[in-house]
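This report refers to the structure that appears directly beneath it.
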Amino acid sequence: QVQLVESGGGLVQAGGSLRLSCAASGRTSSSYAMGWFRQAPGKEREFVAAISVGGAITYYADSVKGRFTISRDNAKNTVYLQMNSLKPEDTAVYYCTAGPSVARMKYEANYWGQGTQVTVSS
C-alpha cells in the first residue's frame with residue numbers, strides 16, 4: 001500500500017508559478033512511477049505529467065509542455081510539479097498518483113492522493 005499526500009496548492013495570478021509536492025509513504029513507494037492528474041470543475045480528469053522510478057523518463061500533456069516540470073527525490077520519497085507561466089485554464093484540483101509503469105501513468109494509476117487546489121486568477 002502507498003499513501004500519497006499533496007501540498008503546495010493555492011491562489012496565484014496568471015503568469016505566476018507554484019510548486020506542488022507529493023510525499024509518498026509505504027514499504028515500496030520508491031519503486032513506483034509517479035505522476036500528476038488534474039480535474040477542473042465540470043470537466044473530466046486529465047493527465048498532466050509522469051516520471052519513471054529513476055527519473056530518466058518523463059511525459060507531459062501537450063497543454064503543459066514547456067511550462068511544467070516534474071521531478072522526484074527518491075531519498076525523500078517526494079515528487080514535485082513545478083508550474084510556471086500559469087494560466088486561468090490551469091485551475092483545477094491536482095492529484096498525485098503512483099503506479100508500476102510510467103508509460104501507463106497517462107491512463108491509469110494504482111494509488112491517488114487526496115488532491116490540492118490550484119487556482120489561477122486572470
Side-chain angles (χ1 to χ4, degrees):
Q1 194 77 0
V2 176
Q3 293 79 43
L4 304 171
V5 179
E6 303 97 334
S7 61
L11 174 65
V12 64
Q13 288 189 330
S17 299
L18 279 176
R19 188 177 80 156
L20 305 183
S21 299
C22 173
S25 60
R27 189 164 56 90
T28 60
S29 59
S30 62
S31 63
Y32 282 87
M34 303 290 290
W36 294 90
F37 277 71
R38 67 185 181 185
Q39 187 167 20
K43 294 187 177 181
E44 291 188 356
R45 189 168 55 195
E46 64 174 353
F47 167 77
V48 176
I51 187 167
S52 60
V53 172
I57 301 172
T58 57
Y59 294 110
Y60 295 95
D62 288 343
S63 58
V64 306
K65 276 181 183 176
R67 299 188 299 122
F68 291 12
T69 303
I70 189 170
S71 61
R72 67 189 295 165
D73 184 340
N74 286 338
K76 297 181 179 180
N77 284 338
T78 301
V79 64
Y80 305 98
L81 186 68
Q82 178 66 45
M83 306 185 294
N84 298 329
S85 302
L86 283 161
K87 305 174 181 180
E89 51 263 44
D90 293 318
T91 295
V93 177
Y94 283 71
Y95 297 91
C96 178
T97 62
S101 168
V102 65
R104 296 296 303 171
M105 291 295 289
K106 296 178 184 178
Y107 314 106
E108 60 186 13
N110 293 39
Y111 302 101
W112 295 77
Q114 83 287 352
T116 186
Q117 177 71 47
V118 172
T119 303
V120 184
S121 63
S122 57

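Keep in mind that the numbers below use all heavy atoms, side chains included, and drop hydrogens, waters and symmetry copies. For clarity, every value in this text was computed on a predicted model and none was experimentally measured.
- Electrostatic pairing of D62 and K65 counts as a salt bridge here, judged by a charged N lying under 4.0 Å from a carboxylate O.
- Remark: the backbone N or O of R38 is not paired with any side-chain donor or acceptor of E46 at under 3.5 angstrom.
- For the side chain to side chain contact (heavy atoms under 4.5 Å, CB included) criterion with M34, the lone passing option out of S52, C96, S71 is C96.
- Residues I51 and L18 share a hydrophobic cluster, clusters being chains of Ile/Leu/Val/Met/Phe/Trp/Tyr side chains in contact below 4.5 Å.
- When the options Q82, R67, M83 are evaluated for a side chain to side chain contact (heavy atoms under 4.5 Å, CB included) with S17, the one that passes is Q82.
- From Y59, atom OH reaches atom NZ of K106 across 5.5 Å, with rounding to the nearest 0.5 Å.
- Across all their heavy atoms, N110 and G99 have their closest contact at OD1-CA, 4.0 Å.
- Between F68 and Y94, the ring planes lie tilted relative to each other; the angle falls in the 30° to 60° range.
- Atom CH2 of residue W36 and atom OH of residue Y80 lie 10.5 Å apart, to the nearest 0.5 angstrom.
- Both F47 and Y95 are members of a single hydrophobic cluster when ILVMFWY side chains are connected at heavy-atom separations under 4.5 Å.
- Taking CG from L81 and OG1 from T116, the interatomic distance works out to 11.0 Å, rounded to the nearest 0.5 Å.
- Within the 3.5 Å criterion, the main-chain N or O of A23 finds no donor-acceptor partner in the side chain of T78.
- Distance check, rounded to the nearest 0.5 Å: CG of N84 to CZ of R19 gives 11.5 Å.
- By the criterion of side-chain heavy atoms lying less than 4.5 angstrom apart, applied directly or through intervening Ile, Leu, Val, Met, Phe, Trp or Tyr residues, W112 is grouped together with V93 in one hydrophobic cluster.
- Within 6.0 Å of the CD atom in Q13, the count of heavy atoms belonging to other residues, nucleotides or ligands does not exceed 12.
- A distance of 9.5 Å separates CG in L11 from CD in Q117, rounded to the nearest 0.5 Å.
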Before giving the answer on ring-ring contact (aromatic ring centres under 6.0 Å, His included), spell out for Y32 and Y111 the whole-Å C-alpha distance, their side-chain angles and the decisive distance to 0.1 Å. CA-CA 10 Å; Y32 282 87; Y111 302 101; 5.6 Å; yes

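- Contact check for Q3 versus V5: no side-chain heavy atoms found under the 4.5 Å cut-off.
- For the pair N74 (side chain) and G54 (backbone), a donor-acceptor distance under 3.5 Å is absent.
- Taking each heavy atom of A14 and P88 in turn, the nearest pair found is CB-CD, 4.1 Å.
- There is a path of hydrophobic side-chain contacts, each under 4.5 Å, that joins I70 to V118.
- A side-chain donor-acceptor contact under 3.5 Å links E6 to the backbone of Q114.
- Residues V102 and V2 fall into different hydrophobic clusters, defined by Ile, Leu, Val, Met, Phe, Trp and Tyr side chains chained together at heavy-atom separations under 4.5 Å.
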